[in-house]
Amino acid sequence: IKLHHSFALQQQLASRRIAFEPFKDIFLKDTARHGCPLKYCTRKTIIANMTMLWEPGQMNVGLYLVHSGSVALFRELPESTCDVHKMPSPVAVYSQGWFLNREGLVSMPTRYYAVAFDTGKLFYWSHKDWRRMHRERPLMAAEIQHAVMKQQAWDSEKADPAKVVGHEQLPEEMLMRLNSIR
């Protein structure tokens, strides 16, 4: 079946809008959608290989949601004299829809170094923002917490700490991008 070009264009625009929605996999119940989650967070622009969100052991770092771009987590940052082939591998790279610093919800210190891998936008809830949302929109906060816990469980299943120790061989393109972080 061939659609009229105006219907095809409308379908394409609707698909792009749905794909761009940062909360599409978070608010699964309509009751949690009452109110605007953007009212309770700030937006942060990240620049590839330049923006560091946090270092290990920092306290009072809130919760991030990747809207566009990506963020890589490293156990250690590469030294400026490091050979590109001996650079540390990222523990993980997170893109749209993933929460970062999930430990921040329970006032735990940060883990790893968080570095922007691709330029993009993040949403950020400070502890104060989170408490306000929890007080004013408890169902919204509960849905976000549920999504955070699901992602934490997925990460726990995928990343056994014993498997990420060491330096796995990375594709050449990723090695070049990691080298530019230095």
Study note, to complete from the structure: Separation between OG (Ser156) and CD (Gln151), nearest 0.5 Å, reads 11.5 Å
Practice item. State, to 0.1 Å, how close Ala114 and Leu73 come at their nearest heavy-atom pair, and which atoms those are. Key: CB-CD2, 3.6 Å
Review point. Residues in ring pair (Phe, Tyr, Trp, His ring centres under 6.0 Å) with Tyr113, at least two apart?
Key: none
Practice item. Treat each ILVMFWY residue as a node, draw an edge where side-chain heavy atoms are under 4.5 Å apart, and state whether Met149 and Ile144 are in one component. Key: no
Practice item. Tell me, please, which residues at least two apart from Gln152 pass side-chain hydrogen bond (donor to acceptor under 3.5 Å, both in side chains). Key: Arg102
Exercise for review: Could you list the residues that satisfy side chain to side chain contact (heavy atoms under 4.5 Å, CB included) with Ser95, not counting sequence neighbours?
Suggested key: Ser70
Practice item. Could you tell me whether the side chain of Trp125 reaches within less than 4.5 Å of the side chain of Trp130, counting heavy atoms only? Key: yes
Check your understanding: Taking the six-membered ring for Trp, are Trp98 and Trp154 parallel (under 30°), tilted (30 to 60°) or perpendicular (over 60°)?
Key -> perpendicular
Check your understanding: Which pairs with one or both residues in residues 38-56 pass salt bridge (charged side-chain N to carboxylate O under 4.0 Å, His left out), sequence neighbours excluded?
Key -> none
Check your understanding: Do you know which two heavy atoms are closest between Phe117 and Ala48, and how far apart they sit?
Key -> O-CB, 3.6 Å
Review point. Cluster partners of Met108, using ILVMFWY side-chain heavy atoms under 4.5 angstrom, listed by chain and number?
Key: Val106
Check your understanding: Applying ring pair (Phe, Tyr, Trp, His ring centres under 6.0 Å), which residue pairs with at least one partner in residues 44-66 are found, sequence neighbours left out?
Key -> Trp54-Tyr64, Tyr64-Tyr124
Check your understanding: Can you name the residues that form a salt bridge (Lys or Arg N to Asp or Glu O under 4.0 Å) with Glu103, not counting sequence neighbours?
Key -> Arg111
Review point. Can a donor-acceptor pair be found between the side chains of Glu136 and Tyr40 at a distance below 3.5 Å?
Key: yes
**Study point:** Minimal non-hydrogen separation, Leu77 against Met52, with atom names
**Key:** CD1-CE, 3.2 Å
Review point. Which pair of heavy atoms, one from Gln145 and one from Leu105, lies closest together, and at what distance?
Key: CG-CD1, 4.2 Å
Practice item. Can you sort out the partners of Tyr94 under side-chain hydrogen bond (donor to acceptor under 3.5 Å, both in side chains), two or more places apart, ordered by chain and number? Key: Asp155
Point to revise | Partners meeting side-chain hydrogen bond (donor to acceptor under 3.5 Å, both in side chains) with Lys121 (sequence neighbours left out) | key: Thr45
Check your understanding: Does some side-chain heavy atom of Val115 sit less than 4.5 Å from a side-chain heavy atom of Val71?
Key -> no
Exercise for review: Name all residues meeting the side-chain hydrogen bond (donor to acceptor under 3.5 Å, both in side chains) criterion together with Thr42; count only those two or more places apart in sequence or in a different chain, and write none if there are none.
Suggested key: none
Practice item. Mind listing the closest non-hydrogen atom pair of Asn101 and Val61 along with its distance? Key: ND2-O, 2.8 Å
**Study point:** Closest non-hydrogen atom pair between Met59 and Ser107, with its separation
**Key:** CE-O, 3.4 Å
Practice item. Look up atom OG in Ser126 and atom CG in Leu63, then write down how far apart they are to the nearest 0.5 Å. Key: 10.5 Å
Review point. If we only count heavy atoms from C-beta on, is the Leu122 to His67 side-chain gap below 4.5 Å?
Key: no
